[in-house]
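Here it is: the structure, laid out below.
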Amino acid sequence: MEFKGAMGGIYRLTEWITRFAASNLLWVLCASPFFFFLVIKVLVMGQGMTNESIQMNWALGIVAPFTFFPATSALFNVVRKWVMGDTDVPIMRTFFTGYKENYKQSMIGGVFYTLLVVIMYLDYTVYMTQFENLQLIGIIMLILLLLLCVSMFNFFSMVVHYHMSIGMIIKNAVLITLIRPFRVFSSLLGAGLLCYIGMQYPALFFFFIGSLIAWFAFFNFYATFTKMQEQAEKLQASREEEGESQESDSLETASKPQDNTK
């Protein structure tokens, strides 16, 4: 039965609310160890417990590649279907299929990203607090750290959208971030806005924030991917036309009679 008018709009709205909430809950459940340590870190930071906060950083770094990254890839696998027009996919099956199929690549990518984030953050902290004359290097490290974190939007999108080696996925994720920064940074701004709203209403983190960020990030990635594909096809067509034109000119020249008169 299909509703029309206002009732149809309300029905579609509730349908989308259910989709985002269900996928977000699955994401939170599968990444629960990471979020557990994250909540503890926020609590100990609020109480000024520096040593405990550092311990939570280590705990987050250890569990992130094995929980947060695979769960986020699975979430992107769901929103990918929605962005590409397949909105009626079974959410639980699609989520866990993506979780299983992309677990290894997500975990390896998670180890890579976690190590780089830790190294860059430590370098930034050291240069900004202990070397006053080298704070410019600290600022550069902060910019690189920001670019690395932003490239994770492309990383998760490419893990679920392409079949290629993990090295190529990470390389292309960083390259697309540098080549097409507007789309990726708009994803960052959107994520920042949603997180700010989530801080005002923490319950939203459990039901909507993660899935909304993933949907918006993949939407931007897919728009970038489609545009780059169209440009590549136009370039290929242009080269083929130039090749046909050159071949036609060569045939025309060869077909002209030679003047052998003296």
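Both backbone and side-chain heavy atoms feed into the values below; hydrogens, waters and symmetry mates do not.
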Check whether any side-chain heavy atom of M120 sits under 4.5 Å from a side-chain heavy atom of I140, and report yes or no.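 No, their side chains stay 4.5 Å or more apart.
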Determine whether I54 and L60 fall in the same hydrophobic cluster, where Ile, Leu, Val, Met, Phe, Trp and Tyr are linked whenever their side-chain heavy atoms lie under 4.5 Å apart.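 No, because I54 and L60 fall into different hydrophobic clusters, even though each may have its own neighbours under 4.5 Å.
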Within the structure provided, determine whether S157 and F225 are in side-chain contact (heavy-atom separation under 4.5 Å).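 Heavy-atom side-chain distance check fails, nothing below 4.5 Å.
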Is the centre of the F155 ring less than 6.0 Å from the centre of the F112 ring? no
Enclosure of F96 CZ (heavy-atom neighbours >12, cutoff 6.0 Å): yes
Shortest non-hydrogen contact between P65 and T114, atoms and distance: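 Heavy-atom minimum between the residues: CG-OG1, 3.7 Å.
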Using the six-membered ring wherever Trp is involved, compare the ring planes of Y124 and Y121 and label them parallel, tilted or perpendicular (cut-offs 30° and 60°).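 Tilted: the ring planes of Y124 and Y121 meet at 30° to 60°.
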Taking atom CH2 of W58 as the centre, does the number of heavy atoms from other residues, nucleotides or ligands within less than 6.0 Å exceed 12? no
Taking transitive links into account, so neighbours of neighbours count too, which hydrophobic residues share a cluster with L122 at under 4.5 Å side-chain distance? V118
For W82 and Y222, run ring pair (Phe, Tyr, Trp, His ring centres under 6.0 Å): C-alpha distance rounded to whole Å, both residues' side-chain angles, the deciding distance at 0.1 Å, then the answer. CA-CA 11 Å; W82 298 344; Y222 192 64; over 10 Å; no
What class does the angle between the rings of F218 and F221 fall in, given that below 30° is parallel, 30 to 60° is tilted and above 60° is perpendicular?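 Rings of F218 and F221: tilted, as their planes differ by 30° to 60°.
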Got more than 12 heavy atoms from elsewhere within 6.0 Å of CZ, F36? no
Side-chain heavy atoms under 4.5 Å apart, restricted to Ile/Leu/Val/Met/Phe/Trp/Tyr: what other residues fall into the cluster of L43, or is it alone? V39
For atom CZ of F205, is the number of surrounding heavy atoms from other residues, nucleotides or ligands below 6.0 Å larger than 12? yes
Heavy-atom pair with the smallest gap, counting every atom of F216 and G190: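 Here F216 and G190 meet closest at CE2-CA, 4.1 Å.
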Hey, what's the ring geometry for F69 with Y113, parallel, tilted or perpendicular (30° and 60° as the breaks)? parallel
